[in-house]
Amino acid sequence: MADQLYNGTEAARLATEWRRRVSAGAARVSRSAICNWRRRGHLPVAGLDERQRPLYALADLARAELATRDIALHPERATQRTP
């Protein structure tokens, strides 16, 4: 059985659900955030839909959400990161 793949809108909805569970409902993940995660190398494209739009695997989406969560929930820490 093939893994389920999610488009950008579906991926944003799932990531929002996860993030809200750990942030008491305070955080939302937008579709543009999903595109940014892809562009920044946090989220690989797992396939394309019939219109050649990117699709994402659930495991990759979970890893990207975890990798970006700390900065999303604490933006003041973004300037404290080391290169």
Any side-chain donor near an acceptor of the partner, T9 and R53, under 3.5 Å: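 Per modelled atom types, T9 and R53 side chains form no pair under 3.5 Å.
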
Polar contact flag, side-chain donor to acceptor under 3.5 angstrom, R38-Y56: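 Looking only at side-chain atoms, Y56 and R38 do form a donor-acceptor pair, the distance falling under 3.5 Å.
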
From T16 atom OG1 to E65 atom CD, the distance as rounded to the nearest 0.5 Å: 9.0 Å

Between [X] and [Y], is any pair of side-chain heavy atoms under 4.5 Å apart?
X: L5; Y: D49; value: no
X: T68; Y: R19; value: yes
X: R39; Y: N36; value: yes
X: L66; Y: R63; value: no
X: L14; Y: V29; value: no

Can you name the closest pair of heavy atoms from [X] and [Y] and give their distance?
X: A12; Y: R31; answer: CB-N, 3.7 Å
X: W37; Y: A64; answer: CE3-CB, 3.6 Å
X: L61; Y: A15; answer: CD1-CB, 4.4 Å

Cluster overlap L58 with L43, hydrophobic side-chain contacts below 4.5 Å: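 Per the 4.5 Å side-chain linkage, L58 and L43 are co-clustered.
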
